[in-house]
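Have a look at the structure below before the remarks.
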Protein chains: 2
Amino acid sequence: MGTAEQEPRWLDADEMQAWLALAGVLVRLPAALDAQLQRDAGVSHFEYQVMAMLSEAPHRTLRMSDLAQLANGSLSRLSHVVNRLQKRGWVTRQPCASDGRITLATLTEDGWAKIVQTAPGHVEAVRGLVFDPLTGAQVRQLNEIGRRILRTIDAEERD
Amino acid sequence: MGTAEQEPRWLDADEMQAWLALAGVLVRLPAALDAQLQRDAGVSHFEYQVMAMLSEAPHRTLRMSDLAQLANGSLSRLSHVVNRLQKRGWVTRQPCASDGRITLATLTEDGWAKIVQTAPGHVEAVRGLVFDPLTGAQVRQLNEIGRRILRTIDAEERD
DNA sequence: CACACTTGCTTGAAGCGTCAAGTATCCTGG
DNA sequence: CCAGGATACTTGACGCTTCAAGCAAGTGTG
């Protein structure tokens with residue numbers, strides 16, 4: 001975004017079509033997945049993501065910072081969410097022994113049970129909405145396209 | 001999502017990769033686009049979308065319901081947003097003459113000027129984050145992939 | 001070893017979106 | 001012609017996210 005921004009390069013027809021489709025997916029796919037989780041498990045997608053990441057970590061435990069990154073959220077957002085999950089009995093916090101600044105979040109037995117019972121329905125929703133309508137080649141293309149976009153965002157944010 | 005949900009079909013390696021990439025895009029692309037608009041124009045992506053749709057409509061005017069659909073948002077959300085845009089002097093409301101239930105939203109001169117000055121930077125951001133990193137073939141694939149996912153969500157919501 | 005700085009996380013307030021309820025207008029059948 | 005229902009939108013309260021500020025524990029530099 002330089003200083004000389006005279007002639008914007010507008011989107012051509014193909015790009016405009018693709019942008020409308022992508023913009024729609026960006027709004028409606030998260031909404032659909034959130035709705036499924038809310039309806040079937042009373043949990044937001046972000047809350048699910050947090051517990052799912054913990055469930056796959058060694059000792060079902062992670063540092064708050066790492067957990068925030070894995071769940072694609074800010075540390076502040078995670079802190080609020082872990083408060084709620086803690087009140088529901090699904091996660092506990094303990095300070096790290098070797099570095100007092102660090103907080104370790106751990107999935108409880110109840111939290112584990114919650115994920116075990118929630119995951120199949122959620123995976124089924126992801127499969128139904130995303131993968132069933134695509135060919136194998138499209139799945140691989142989607143992977144490549146997604147990675148390219150993410151790499152570009154990463155690059156932009158490191159400046 | 002039938003009653004006999006014994007063995008969930010988990011995601012295979014390709015699907016898992018693609019899902020991680022897509023989930024990242026779903027979170028981080030909207031965040032990046034919102035950040036650009038907020039920084040350069042003090043407007044959310046949804047607010048921009050609303051004004052952009054009005055700017056392309058005949059008489060820069062649309063029914064609230066149609067506008068909500070075009071901007072991918074609920075009617076309630078739109079109503080709140082139009083209140084804010086009205087306070088900022090970018091949109092006006094008037095009741096429809098032929099049907100008193102309908103509200104018509106119109107982009108003002110100031111609103112038009114705002115969009116004209118904001119659009120180039122936003123298009124540049126969209127181009128930079130999604131289209132520049134992709135090949136022409138990938139753009140067409142993205143279009144097809146997006147349409148398939150949207151069609152599936154549409155079908156799911158009509159049940 | 002003390003002072004400033006960084007890192008890691010938490011907190012409270014402000015703003016936005018959603019949901020349920022409410023209002024106003026229009027249509028339809030008896 | 002009017003009772004009931006449908007349609008179009010608005011509103012207010014509640015919950016969640018963000019942002020800025022704060023606190024506490026670690027690091028390093030003179």
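In the text below, chain A, chain B and the rest are named by the order of the sequence lines, each starting its count at 1.
Residues Glu144(A) and Arg148(A) are paired through a salt bridge, judged by an N-O separation under 4.0 Å between the basic side chain and the carboxylate. The residues Arg9(B) and Asp132(A) are annotated as salt-bridged, a charged nitrogen and a carboxylate oxygen being separated by less than 4.0 angstrom. With respect to the salt-bridge test (charged N to carboxylate O, under 4.0 angstrom), the residues Asp154(B) and Arg28(A) qualify.
Here the P atom of nucleotide dG8(C) and the CG atom of Leu62(A) are 15 Å apart, to the nearest Å. Between the CG atom of Leu78(B) and the P atom of dC19(C) there is a distance of 16 Å, rounded to whole Å. Here dA8(D) presents its C1' atom at 16 Å from CD of Gln94(B), a figure rounded to the nearest Å. Atom NE2 in His45(A) sits roughly 16 Å away from atom C1' in dC16(D) (whole-Å rounding). Distance, Arg77(A) CZ to dA14(C) P: 22 Å, rounded to whole Å. In this structure, the CG atom of Asp34(A) is 13 Å from the C1' atom of dT17(D), given to the nearest Å. Taking atom CE of residue Met64(B) and atom P of nucleotide dT7(D), one finds them 19 Å apart after rounding to whole Å. Taking atom CG of Asp99(B) as the reference point, atom P of dT23(C) lies 20 Å away to the nearest angstrom.
Across all strands, Thr103(B) comes closer than 4.0 Å only to sugar-phosphate atoms, never to a base (heavy-atom distances). Here Ile102(B) lies in heavy-atom contact (under 4.0 Å) with sugar-phosphate atoms only. Counting any heavy atom pair closer than 4.0 Å across all strands shown, Ser44(A) reaches no nucleic acid atom.
Contacts of Phe46(A) classified as ring-ring contact (aromatic ring centres under 6.0 Å, His included), with partners at least two apart in sequence or in another chain: none.
A donor atom on one side chain and an acceptor atom on the other are not found under 3.5 Å apart for Asn72(B) and Arg77(B). In this structure, a donor-acceptor pair under 3.5 Å is present between the side chains of Asp40(A) and Gln36(A).
A donor-acceptor contact under 3.5 angstrom links the side-chain atoms of His80(B) to the base of dG12(D).
Phosphate contact (OP1/OP2 of dC16(C), side-chain N/O of Asn83(B), threshold under 4.0 Å): absent. Note on Arg84(A): a side-chain N or O is less than 4.0 Å away from OP1 or OP2 of dT17(D).
Helical stems in DNA chain C, defined as runs of 3 or more consecutive Watson-Crick or G-U wobble pairs with donor-acceptor distances under 3.5 Å: C:1-30 with D:1-30.
The nucleotide whose nearest atom lies closest to any side-chain atom of Ser79(B) is, among dG26(D), dT10(D), dT11(C), dT10(D). Which of dT18(D), dG26(D), dT10(D) sits closest to the side chain of Ser76(A) comes down to dT18(D). Here the nucleotide nearest the side chain of Arg101(A), chosen from dA13(C), dT10(C), dA24(D), is dA24(D).
Using a 4.5 Å cut-off on side-chain heavy atoms (C-beta onward), Arg88(A) and Val43(A) make contact. For the pair Tyr48(B) and Ile115(B), the minimum side-chain heavy-atom distance is below 4.5 Å.
For Ser74(A) and Ala97(A), each mapped to the nucleotide of DNA chain D holding its nearest heavy atom, the one lying further toward the 5' end belongs to Ser74(A).
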